[in-house]
Amino acid sequence: MKPRVRFAPSPTGYLHIGGARTALFNWLYARHTGGTFVLRIEDTDAARNSQEAVDVILDGLRWLGLDWDEGPLTGDATGPSKGDCGPYFQSQRKANYQRRVEALLSRDLAYEHEGAIKFRMSREITVMQDLIKGEVRRELTDREAVDPDFVIMRSDGQPVFHLVNVIDDLEMNITHVIRGEDHLINTTKHIALFNAFGVKPPQYAHIPLILNGDGSKMSKRDQGASLSSYTEGGFLPEAVINYISLLGWSPKENREKMSLAETIERFDLPQILKHNARFDYEKLLWLQGEYARETTSNRFYELAVHAFAKAGVDTNQFPLDFVKAALDTCKGKFRTFNELPAYAGFYFTDIIEIDAEAAKKDFVPENKPRLEKLRDAFNAAPVFDSASLESALKETAKTLGVKAGVLVHPCRLAVTGKTSGPSLYHLLQVLGKERVMARIEKAIQTIA
RNA sequence: GACCCUAUGGUCUAGCGGUUAGGACACCUCCCUUUCACGGAGGUAGCCCGGGUUCGAUUCCCGGUAGGGUCGCCA
C-alpha cells in the first residue's frame, strides 16, 4: 500500500517555519514514495479560527510549492475540496466524532465526567516504535498516576484534539504520521485510542524541532519564525525549502545545495536526525544568494520590480530597457530581493544620497581637479559605453599619475552615493551620459 | 515535581570499535578585482563529563550534566 501522509495544521493566523518544515517532510515522503499528501485543517477550536487564518496556511504552502493531493481548495471550511476522505476541515466532521464517541461510551471505554467525556486510559507502561526515535518506553507521570484518563469531548460538546486527530487519521487511512517531536508523548494516548477503535495505529515518525540560534524555543515573534518573514522578506521559495530541508535531515555525501528533484530523490525517514536543530539565518542567506544568482531573467526582473515597488519605487516610470539593464548589473550581487532598493536605488532617482563618511574621504580638495579631468574625459568619450569609459578613466589616471582606484572611488560615490555597488563602468553606461555628467558635476561643486 | 527525547567546531552536519575526525555556513589571511559579490588558495575552531566493556572508545553500556519536549475541557 502506498503511504498516505498528512499535514494537519491549526489555523492560528501564521505558519510557523517548523510547521512548514513538517509539511515539507511529509510532502517529500509522499513524493519520494509515490504516496499521497493530505492537507487537513484542524479547526476544532472555533474561537480562534477564521478563513483568513486558513488562507495564510494555504498561501504559505503554495508559495513553497508544496501541493497537496487531497484537501481543501480554498480557505472556506464549507468550500470545495479534492479527495475522497473529506471534509478536510475538522469543523465539518462533527458527526463523525459524535458517532465515534458514542461507540466508545457504549463499550464503556469512555465515560461522562462533569459534563465532559473522558477516555479510560491504560495504566500500563506503553512501548511504542517510532520510525525516528526507535523504541520509546513511557511510564506514567505523577499526574497520570493519579488519573490517567483524559478528556476527549468538552462539556460544551466540542471534541478535543487527541480524539479528532486520531479519528481523522483513522478515517483518512493515514499510514505514516510525520510530526514534530512535541507530539511524541501524546502518541501513547493516540495509540490507545486507535486500539479502542479496533484499528491498527499508523507508523509514527517524530521529527526534531527547530530552535532559535541560541537554543531557545522558537516562538511566533522570533526572527524567521513565521513563513511570512520569507514571503515578504524577498526570499526565493527554493532557497527556503533547501535550507529547512537540511534542518534535522541529512542527504549525506556532503551535499548542501540541492534541487527539489534531488531532495525528493534522496529524502527518506531513516536519515532524519534525532536531535533538535538551531536556525542559522546566515546559512539561509547564503543559499538565498546562491539561488538569487541563478534566477532566470524574467523571474529576476519580476521579483526585482516587486521589491522596488514595495520600497515605494515605481520602476515602471522608466523605460523597460533601462530597468532591465540596470537590474542586470545587480544580479548575483545581493542576497534577498529586499536588499535591492538600497543597493540599486540610485538608478531610479535623481536625488541620490551621498554617504557622508565616504564623502569626507573622497570629496577632498585634491580630488576636485581629478574629477574635473575625469568629467572631461568622459565627455570626450567617442561612445558612452563601459569599454570606452573604462579606457577613458584609466587614461586619465595615467595622465594624472595615479592609480585607477583614486578616480574610481570618488566617481562611484558621485554617481551612486555609495562606496559599493554594481560594476562601475557598467553602471555608468546604464545610467547614461546625461545623468553621469550631471552627478559628477554636482559632486565637483560640493568640493570646496 | 513527574515523564520523554537528545548530545561531533559558534551553527547545520558526515563518520567510525583503531580516521591526520570530512563537508557547508560564519569568521580570519592571501589571490583575483574599480567597489561589493562571485571565484581560487590557505587558516582558527569539535567528538559534554565520569565510570564500565574492550588490546583499543568520539563510536557500545550505565550514571551525571546540559539542552529540548510533555504533563489543558489548546492544537
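Here is the naming used below: chain letters follow the sequence lines, and residue numbers restart at 1 for every chain.
Nucleotides B/rG56 and B/rC4 place their P atoms 33 Å apart, quoted to the nearest Å. Taking atom P in both B/rG46 and B/rG22, one finds a spacing of 12 Å when rounded to whole Å. Only the C1' atoms considered, B/rG17 is 11 Å distant from B/rC55, to the nearest whole Å. Spacing between B/rU53 and B/rU58 at atom P, rounded to whole Å, works out to 15 Å. Here, B/rC30 and B/rG64 have their C1' atoms 47 Å apart, quoted to the whole Å. Taking atom C1' in both B/rA21 and B/rC47, the straight-line distance is 8 Å, to the nearest Å. A gap of 7 Å separates the P atoms of B/rC48 and B/rG9, to the nearest Å. Taking atom C1' on both B/rG43 and B/rC16, the two are 26 Å apart, rounded to the nearest angstrom.
When the C1' atom of B/rG72 is taken as reference, atom CG of A/D182 falls 15 Å away, rounded to whole Å. Between the CH2 atom of A/W249 and the P atom of B/rA14 there is a distance of 11 Å, given to the nearest Å. The CG atom of A/D147 sits 20 Å away from the P atom of B/rA2 (whole-angstrom rounding). Counting to the nearest Å, the P atom of B/rG67 and the CG atom of A/L211 are 12 Å from each other. The distance from atom CD of A/E135 to atom P of B/rC4 is 12 Å, rounded to the nearest whole Å. Atom C1' of nucleotide B/rA2 and atom CZ of A/R123 are separated by 14 Å, given to the nearest angstrom. In this structure, A/M218 places its CE atom 13 Å from C1' of B/rU11, rounding to the nearest Å. The separation between A/N212 atom CG and B/rG10 atom P is 19 Å, rounded to whole Å.
A cation-pi arrangement is present between A/K189 and A/F150, with the terminal nitrogen or guanidinium carbon under 6.0 Å from the aromatic centre and inside a 45° cone about the axis.
Residues A/P9 and A/L39 form a side-chain contact, since some pair of their non-hydrogen atoms from C-beta on lies under 4.5 Å apart.
Between B/rU6 and A/K274, a contact under 4.0 Å exists linking OP1 or OP2 to a side-chain N or O. Side-chain nitrogen and oxygen atoms of A/R154 include at least one within less than 4.0 Å of the OP1 or OP2 phosphate oxygen of B/rA75. Applying the 4.0 Å criterion to OP1 and OP2 of B/rU13, one finds that A/H275 has a side-chain N or O inside that range.
In this entry B/rA21 has no Watson-Crick or G-U wobble partner, no candidate having both defining distances under 3.5 Å. With a 3.5 Å ceiling on both atom-pair distances, B/rC36 lacks any Watson-Crick or G-U wobble partner. Both distances falling under 3.5 Å, in either a Watson-Crick or a G-U wobble arrangement, occur for no nucleotide opposite B/rG9. Here B/rU70 sits opposite B/rA2 as a Watson-Crick or G-U wobble pair (both hydrogen-bonding atom distances under 3.5 Å). Nucleotide B/rG50 forms a pair with B/rC62, judged by Watson-Crick or G-U wobble geometry with both contacts under 3.5 Å. Both distances falling under 3.5 Å, in either a Watson-Crick or a G-U wobble arrangement, occur for no nucleotide opposite B/rA75. Pair check for B/rU29 finds B/rA41; Watson-Crick or G-U wobble, both atom distances under 3.5 Å.
Remark: aromatic rings of A/F37 and A/F7 are distant, center separation not under 6.0 Å. A centroid separation of 6.0 Å or more is found between the aromatic rings of A/Y230 and A/Y243. The six-membered or imidazole ring of A/F334 lies near that of A/F337, with a centre-to-centre distance under 6.0 Å. You'll find the ring centres of A/F25 and A/H32 outside the 6.0 Å limit. Side-chain rings of A/H190 and A/H162 approach one another, their centers coming within less than 6.0 Å.
Salt bridge A/E262/A/R266: present, at least one basic N to carboxylate O contact under 4.0 Å. Checked for salt-bridge contact, A/R335 and A/E290 miss the test: no charged N lies under 4.0 Å from a carboxylate O. Between A/R99 and A/E102, no side-chain nitrogen of the basic residue sits less than 4.0 Å from a carboxylate oxygen of the acidic one, so the salt-bridge criterion is not met. Comment: A/E390 engages A/K394 in a salt bridge, judged by a side-chain N to carboxylate O separation of less than 4.0 angstrom.
At the heavy-atom level, A/G215 lies under 4.0 Å from the strands shown only through sugar-phosphate atoms. Residue contacts for A/L407: at a heavy-atom cut-off of 4.0 Å it reaches no nucleic acid atom on any strand shown. Residue A/G289 is classed as having no contact, given no heavy-atom separation below 4.0 Å to the nucleic acid. Residue A/E114 is classed as a base contact, given a heavy-atom separation below 4.0 Å to a base. Among the atoms of the strands shown, only primed sugar atoms or phosphate atoms (P, OP1, OP2) are found under 4.0 Å from some heavy atom of A/L273.
When each of B/rC12, B/rC74, B/rG23 is scored by its nearest atom to the side-chain atoms of A/A277, the top-ranked nucleotide is B/rC12. Listed nucleotides B/rA75, B/rG22, B/rG1 differ in distance to A/D142; the shortest reach to its side chain belongs to B/rG1. Comparing B/rC73, B/rC3, B/rA7 by their nearest atom to the side chain of A/T141 picks out B/rC3. Across B/rA7, B/rC4, B/rG68, the shortest atom-to-atom separation from the side chain of A/E181 is found for B/rG68. The side chain of A/K217 has B/rG69 as its nearest neighbour among B/rC4, B/rG69, B/rC74. Of the candidate nucleotides B/rG15, B/rC5, B/rA75, B/rG15 has the atom nearest to the side chain of A/K252.
A donor and an acceptor atom never sit less than 3.5 Å apart when one is taken from the side chain of A/E253 and the other from the base of B/rG23.
Between A/N186 and A/E256, it is A/E256 whose nearest contact on RNA chain B lies nearer the 5' terminus. Both A/S155 and A/E139 lie near RNA chain B, and the one whose nearest nucleotide falls closer to the 5' end is A/E139.
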Nucleotides 26-46 of chain B: protein proximity per nucleotide (B base, S sugar-phosphate only, - neither; heavy atom, under 4.0 Å): S-------BBBSS--------
